[in-house]
Amino acid sequence: QVQLVESGGGLVQAGGSLRLSCAASGLTFTSYGMGWFRQAPGKEREFVAAINISGGSTTYADSVKGRFTISRDNAKNTMYLQMNSLKPEDTAVYYCAARYRFYPSTRSDYWGQGTQVTVSS
């Protein structure tokens with residue numbers, strides 16, 4: 001049974017930081033690209049960041065470049081998203097995603113249930 005469980009969301013003031021975690025189980029973690037997506041109220045789910053199976057390659061949405069950092073600890077089967085300099089427009093439900101071999105996309109194999117991030121102004 002594959003599970004992706006996000007944690008670390010919450011309420012933070014603009015300019016603050018949060019670190020999200022995604023704990024994976026039931027899959028061979030090192031065979032999956034991992035990533036983060038988010039969905040704000042009334043909007044479509046959008047790509048945030050992704051990391052390849054080894055952690056040696058990353059990609060980010062333009063809106064978060066320079067502020068967010070994606071990483072993974074394969075020994076812990078966990079992916080992270082360090083979010084700094086948060087803005088109110090970052091407010092969304094953040095979803096963890098996994099895709100066999102490749103960066104996650106809307107075609108990702110697996111999704112977590114999401115964690116709420118709210119940035120106050």
Side-chain angles (χ1 to χ4, degrees):
Q1 183 178 10
V2 174
Q3 286 189 294
L4 302 175
V5 180
E6 302 96 334
S7 62
L11 176 64
V12 65
Q13 292 182 324
S17 298
L18 285 172
R19 192 187 195 195
L20 306 183
S21 297
C22 172
S25 61
L27 54 75
T28 302
F29 191 65
T30 53
S31 294
Y32 286 80
M34 302 292 296
W36 293 95
F37 293 73
R38 67 187 183 187
Q39 188 166 24
K43 296 185 177 180
E44 293 185 348
R45 189 172 298 185
E46 67 175 356
F47 169 77
V48 176
I51 188 165
N52 75 339
I53 59 175
S54 70
S57 182
T58 60
T59 185
Y60 298 89
D62 288 343
S63 59
V64 307
K65 285 181 180 177
R67 300 188 298 119
F68 291 10
T69 302
I70 189 171
S71 62
R72 65 191 293 163
D73 187 338
N74 286 343
K76 296 181 178 179
N77 286 1
T78 302
M79 175 185 62
Y80 306 95
L81 185 68
Q82 179 67 46
M83 305 186 294
N84 298 327
S85 301
L86 282 161
K87 304 174 181 179
E89 53 262 45
D90 295 318
T91 295
V93 177
Y94 283 70
Y95 295 92
C96 174
R99 186 182 180 190
Y100 182 61
R101 295 182 59 199
F102 303 111
Y103 285 150
S105 69
T106 55
R107 301 178 65 85
S108 297
D109 294 336
Y110 304 106
W111 295 88
Q113 79 273 40
T115 186
Q116 177 71 48
V117 172
T118 302
V119 184
S120 65
S121 59

Backbone of Arg38 reached by a side-chain donor or acceptor of Glu46 within 3.5 Å: no
Looking at Lys87 and Asp90, is there a salt bridge between them, counting it only when a charged N and a carboxylate O are closer than 4.0 Å? no
Nearest atoms (heavy-atom pairs only) where Gly8 meets Leu18: O-CD2, 3.8 Å
Roughly how far, to the nearest 0.5 Å, is OG of Ser121 from CD of Glu89? 10.0 Å
Straight-line distance of Leu81 CG to Cys22 SG, nearest 0.5 Å: 10.5 Å
Is there side-chain contact between Thr106 and Arg45, with at least one heavy-atom pair below 4.5 Å? no
State whether the side chain of Thr115 and the backbone N or O of Glu6 hold a donor-acceptor pair below 3.5 Å, judged by distance alone. no
Considering all heavy atoms of both residues, which atom of Thr91 and which atom of Ala40 are nearest to each other, and what is their separation? O-CB, 3.6 Å
Grouping I, L, V, M, F, W and Y whenever their side-chain heavy atoms are under 4.5 Å apart, do Val48 and Tyr110 come out in a common cluster? yes
When hydrophobic residues are tied together by side-chain contacts of less than 4.5 Å, even through go-betweens, does Phe37 share a cluster with Leu20? no
Minimum side-chain heavy-atom gap Arg101-Ile53 below 4.5 Å: no
Do the non-hydrogen side-chain atoms of Met79 and Leu4 ever get within less than 4.5 Å of each other? no
In short, Thr118 meets Gln116 closest at the heavy-atom pair OG1-NE2, 3.3 Å
Does some side-chain heavy atom of Trp111 sit less than 4.5 Å from a side-chain heavy atom of Pro104? no
Interatomic distance, OH@Tyr60 vs CZ@Phe47, rounded to 0.5 Å, equals 9.0 Å
Verify, without hydrogens or angle tests, whether Gln82 (side chain) and Thr69 (backbone) share a donor-acceptor contact under 3.5 angstrom. no
Which heavy atom of Gly35 sits nearest a heavy atom of Ile70, and at what distance? CA-CD1, 4.1 Å
Any donor and acceptor pair, going by atom type alone, linking the side chain of Asp109 with main-chain N or O of Tyr100 inside 3.5 Å? yes
Rounded to the nearest 0.5 Å, what separation is found between the CZ atom of Arg67 and the CG atom of Asn84? 9.0 Å
Plane angle bin for Tyr94 and Phe68 - parallel if under 30°, tilted between 30 and 60°, otherwise perpendicular: tilted
Atom pair OG1 (Thr59) and CG (Asn52), whose distance is rounded to the nearest 0.5 Å: 11.0 Å
Side-chain heavy atoms nearer than 4.5 Å, only ILVMFWY residues, links allowed to pass through others: does that put Tyr95 and Tyr103 together? no
Geometric cation-pi criterion Arg72 and Phe29, 6.0 Å radius, 45° cone: yes
Arg99 and Ser105, any side-chain heavy atoms less than 4.5 Å apart: yes
